[in-house]
2 protein chains.
Amino acid sequence: MSEATVSRVLNGVGPVKEETRRRVMEAAKQLNYVPNALAQRFARQKSGNLGVILPLLPKVNVFSTYYFSEILSGIGHTAKHSGYDLLMLFREPGEPREYANLFRTQKVDACIILGAQNIPTDYDALEELQLEGHPFCLINQRFDGKPYNTVDADHRMGSFDAVTHLMQQGCQRIWFLNGPPVFSNSLDRLEGYRQALEAAGMTFDPDRVLAGNYSRKSGYAHAEAFAELIRTGQADAIIAANDRMAIGLLQGLKEKGVRAGADYALVGCDDSDGARLTDPPLTSIAVPFYEVGSEAASRLLGTLAETEPPVPFTVKLPVRLVARASSEV
Amino acid sequence: MSEATVSRVLNGVGPVKEETRRRVMEAAKQLNYVPNALAQRFARQKSGNLGVILPLLPKVNVFSTYYFSEILSGIGHTAKHSGYDLLMLFREPGEPREYANLFRTQKVDACIILGAQNIPTDYDALEELQLEGHPFCLINQRFDGKPYNTVDADHRMGSFDAVTHLMQQGCQRIWFLNGPPVFSNSLDRLEGYRQALEAAGMTFDPDRVLAGNYSRKSGYAHAEAFAELIRTGQADAIIAANDRMAIGLLQGLKEKGVRAGADYALVGCDDSDGARLTDPPLTSIAVPFYEVGSEAASRLLGTLAETEPPVPFTVKLPVRLVARASSEV
DNA sequence: GTGAAAGCGCTAACAA
DNA sequence: TTGTTAGCGCTTTCAC
């Protein structure tokens, strides 16, 4: 029995007589044989790896652990059932982004990029990937006018719903605490806020937009000034672009005796674990992170299976407002 | 210039004339050449991968996201600086644990195992690895009498400190809410609790040990009964074997008007993000998860570099009590 | 339906 | 110090 036949049987390709097939399988079992993946991949010129590029989270920063593990689980589950292994590629702060090399060295067949920002370093690296025709997909970040594969949630709609919800609760002066504009999430969320106000016949006031950096601390830092705005009747509600800032703000205001769900209404974004832990519990926009991850993986790996040149995809998954006590009046 | 010389230069091995070296490097830069990692690894018969085996967390269960991402970051950072890539291997519930095949197929050179339990399926898989001499390391789980490489935190000491702290606060009737005994963490924490009581001349009462499963829900489920114990003076403090159970219990008791840090003292374990979010904030035992991960990776990869047969290691990192309002009386 | 043989791009032993 | 060459274990064309 030849090497080639064994290969055919084990890979289920080509014509094989049933009898032969049986004998090979039996022998394999007998000998406890498993094919050497390294050799296999080398011969096929396919790494069998899906790369996941993400910032190293030293003691948790911009990225919340919730966001991170949900997305990763979604990717992992899908990759596994598509026969791909997951290669984690941590990118550290000052480091050059040699994403294209991952493909040139054949470490990955495709990759998913988390935490990309709209800055030249990131943009250039993506542009290089695109030019060389490497399959990749962004999660939670889009680049205007660029046809990069992207899977995102509908953050614009999330903010829109948050404003609508607050107005239904009777709020009139709704503020917005945003994250940095290098993340398209921030822009989308702000846009939804603006649209909802205008749809309700109110005017969008840029002075009511505060700047944070998605950390709890940056939310906390706005507490003092915002307390004053509430006391003087200039604000009765605020939407924070993520839960961490919302929670920081909530805690800071509480220390000043200003209570969410009573003295003002508060809405966060992400519906992370933490939203259920605060007092009062935090109203938030639930984002299907697990699905974002699995959708990105399945779409991307899908393109690898096709023969025709793949068409770029842009997926936007729906979000959902989860009302809790922090947004009551 | 021959293939071999180029290989020598690029890998920095063997004698090479400086002039040659320079010319090769220059040409490589010129041609934008990067070595094919797949071929390299195949020729070397080394995958260059550190495997991380962990349970798939479908919507977050036993594993907290905090625990997960801290450990993973620690592993990732170290692996990266040792020149290894991280291969994530998600294990799904019913699935057979064919860990040894990862080595036979040469997908990994070594692996770190998270979330192992003291049950036959897990034990058998580890025993197989050990017999075949594959390098692996357990995180946060030990098997009595087995010389498996392990990196853990000193959970026994953590509970010991928690009890001591509560007694200093004047607590007399301290209960313990434990996790399942299939995790050595649970046993260690219970042991520390027992030892601290006895060291203080008090008797260990097994009836004061409640059973949970590390979920918030399981903490919440004990609230009703525990409220009664507090009211009747049978309990004035409780230690939960992780923060999630502590938080569930805290929330359940709060709904019944029984306040942590006032009506009873509460201590959790892990010092996760959530400990800072509850009201009152949760006193907890901080575990250096990031360091646990990086220590595991560096020890394990260290053994690969040695020539002599490696000596098994067992590392126990210190924990630290972080006092917050929940443990006041 | 099966076998023979070339080759995937490197490394490493050996020769020069 | 450098070149030659034989693999590494599989897949895949091409004969038969």
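Model, not experiment: these values are computed from the prediction. In the text below, chain A, chain B and the rest are named by the order of the sequence lines, each starting its count at 1.
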Of the listed nucleotides ([options]), which one gets closest to any side-chain atom of [X]?
| X | options | answer |
| --- | --- | --- |
| B/A39 | C/dC10, D/dC10, C/dT2 | C/dC10 |
| B/Q45 | D/dC8, C/dA4, C/dG9 | D/dC8 |
| A/A43 | C/dG1, D/dG9, D/dG3 | D/dG9 |
| B/A4 | C/dG1, D/dT2, D/dT4 | D/dT4 |
| B/P35 | C/dC10, D/dT1, D/dG3 | C/dC10 |

Angle between ring planes, [X] versus [Y], binned at 30° and 60°: parallel, tilted or perpendicular?
| X | Y | result |
| --- | --- | --- |
| A/H77 | A/Y290 | tilted |
| B/Y148 | B/F136 | tilted |
| B/Y66 | B/F289 | perpendicular |

For the pair made of [atom1] in [X] and [atom2] in [N], what is the distance, rounded to whole Å?
| X | N | atom1 | atom2 | value |
| --- | --- | --- | --- | --- |
| B/R44 | C/dA13 | CZ | P | 13 Å |
| B/N36 | C/dC8 | CG | P | 11 Å |
| A/R41 | C/dC10 | CZ | P | 18 Å |
| A/R23 | C/dG1 | CZ | C1' | 13 Å |
| B/E3 | D/dG3 | CD | P | 12 Å |
| A/K46 | D/dT12 | NZ | C1' | 14 Å |
| A/L38 | C/dC10 | CG | P | 14 Å |

Inset, instruction - Report, as yes or no, whether the 6.0 Å neighbourhood of atom CE on B/M25 holds more than 12 heavy atoms from other residues, nucleotides or ligands. - result: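 Check fails, neighbour count at 12 or below.
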Inset, instruction - Nearest-nucleotide wise, let me know which of B/R8 and A/V6 is further upstream toward the 5' end of DNA chain D. - result: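 Comparing both residues, the 5'-ward one is B/R8.
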Inset, instruction - Could you say whether A/Q40 or B/M1 is positioned toward the 5' end of DNA chain D, judged by the nucleotide with the nearest heavy atom to each? - result: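 It is B/M1 whose nearest nucleotide is closer to the 5' end.
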Legend entry - Pairs where residues 126-138 of chain A contributes a residue and the test salt bridge (charged side-chain N to carboxylate O under 4.0 Å, His left out) is met, not counting sequence neighbours: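 Applying salt bridge (charged side-chain N to carboxylate O under 4.0 Å, His left out) to every pair that reaches into residues 126-138 of chain A, excluding sequence neighbours, yields A/R104-A/E128, A/R104-A/E132, A/E127-A/K146.
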Output yes when at least one side-chain N/O atom of [X] is less than 4.0 Å from OP1 or OP2 of [N], else no.
| X | N | answer |
| --- | --- | --- |
| A/S7 | D/dT11 | yes |
| B/N11 | C/dT11 | yes |
| B/S2 | D/dT4 | no |
| A/Y33 | D/dG9 | no |
| A/T5 | C/dT2 | no |

Inset, instruction - Answer yes or no for this row: A/F42 ring on D/dC10 base, centroids under 5.5 Å, planes under 30°. - result: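 Stacking between A/F42 and D/dC10: absent.
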Inset, instruction - Taking atom types as modelled, find out whether A/S47 and A/Q106 have a side-chain donor-acceptor pair closer than 3.5 angstrom. - result: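 No, no side-chain donor-acceptor pair sits under 3.5 Å.
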Inset, instruction - Go through the structure and list residues passing salt bridge (Lys or Arg N to Asp or Glu O under 4.0 Å) with B/D85, not counting sequence neighbours. - result: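 Partners of B/D85 by the salt bridge (Lys or Arg N to Asp or Glu O under 4.0 Å) criterion, ordered by chain and then number, come out as A/K107, B/R41.
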Legend entry - NZ/NE/NH1/NH2 to OD/OE distance under 4.0 Å, B/R142 and B/D188: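 Looking at B/R142 and B/D188, the cut-off is met.
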Legend entry - Divergence of helical axes at both termini of the helix from C/dG1-D/dC16 to C/dA16-D/dT1 - five pairs an end, 10° steps: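 So the angle between the two local helix axes works out to 40°.
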Inset, instruction - Using a heavy-atom cut-off of under 4.0 Å over every strand shown, decide if B/V13 touches base, sugar-phosphate, or nothing. - result: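 Counting heavy atoms under 4.0 Å across all strands, no contact is made by B/V13.
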